Amino acid sequence: MQTHSLEYYSNINPLVGLSAKTMRLYLALEVFRGKLESLDEPHWFCTPDCDQLLAKVGFSKADIDTGISELINAELLQMQMRNSDPWYCLK
């Protein structure tokens with residue numbers, strides 16, 4: 001049986017190889033997508049830098065920043081700046 005590298009599987013499914021905290025953040029961002037969605041551009045949403053909901057479930061500012069970077073690198077999240085605020089779109 002042939003074994004493949006983690007990179008091989010992450011090319012098939014970008015969720016493979018993400019840390020547990022990043023996976024939790026990915027799921028948590030679904031809440032914001034429904035709650036703070038843009039009226040101008042559907043599927044784009046904003047989140048406060050350190051939202052109280054994320055803090056309640058154990059995310060620090062550093063966890064959020066790291067998770068967002070990992071999700072962008074895995075091409076699961078897009079980010080754009082509007083009026084100095086980050087807006088996100090989950091893929």
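Computed from a predicted model, the values in this text were never measured in an experiment. Heavy-atom basis, side chains included; hydrogens, waters and symmetry copies ignored.
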Locate the shortest heavy-atom distance separating Phe59 from Ile64; write the atom from each residue and the value. CB-CG1, 4.0 Å

Begin from the C-alpha positions of Tyr26 and Leu90 and carry the test side chain to side chain contact (heavy atoms under 4.5 Å, CB included) through to its verdict. CA-CA 8 Å; Tyr26 181 75; Leu90 288 171; 3.7 Å; yes

Any chance you could measure Tyr88, atom OH, to Leu29, atom CG, to the nearest 0.5 Å? 8.0 Å

On a heavy-atom basis, the closest approach of Met81 and Pro86 is SD-CA, 3.7 Å

Rounded to the nearest 0.5 Å, what separation is found between the NZ atom of Lys91 and the CD atom of Glu75? 5.5 Å

Applying side-chain contact (heavy atoms from CB on, under 4.5 Å), name anything that partners Gln80, two or more places apart in sequence or on another chain. Glu41, Trp44, Arg82, Trp87

Any salt bridge (Lys or Arg N to Asp or Glu O under 4.0 Å) pairs touching residues 15-24, not counting sequence neighbours? Lys21-Asp63

Which pairs would a plain distance check flag for residues 66-74, meaning a side-chain donor or acceptor within less than 3.5 Å of a matching protein atom at least two apart in sequence or in another chain?
{"residue": "Thr66", "atom": "OG1", "partner": "Ala62", "partner atom": "O", "Å": "2.9"}
{"residue": "Ser69", "atom": "OG", "partner": "Asp65", "partner atom": "O", "Å": "3.1"}
{"residue": "Glu70", "atom": "OE1", "partner": "Thr22", "partner atom": "OG1", "Å": "2.8"}
{"residue": "Asn73", "atom": "ND2", "partner": "Ser69", "partner atom": "O", "Å": "3.3"}

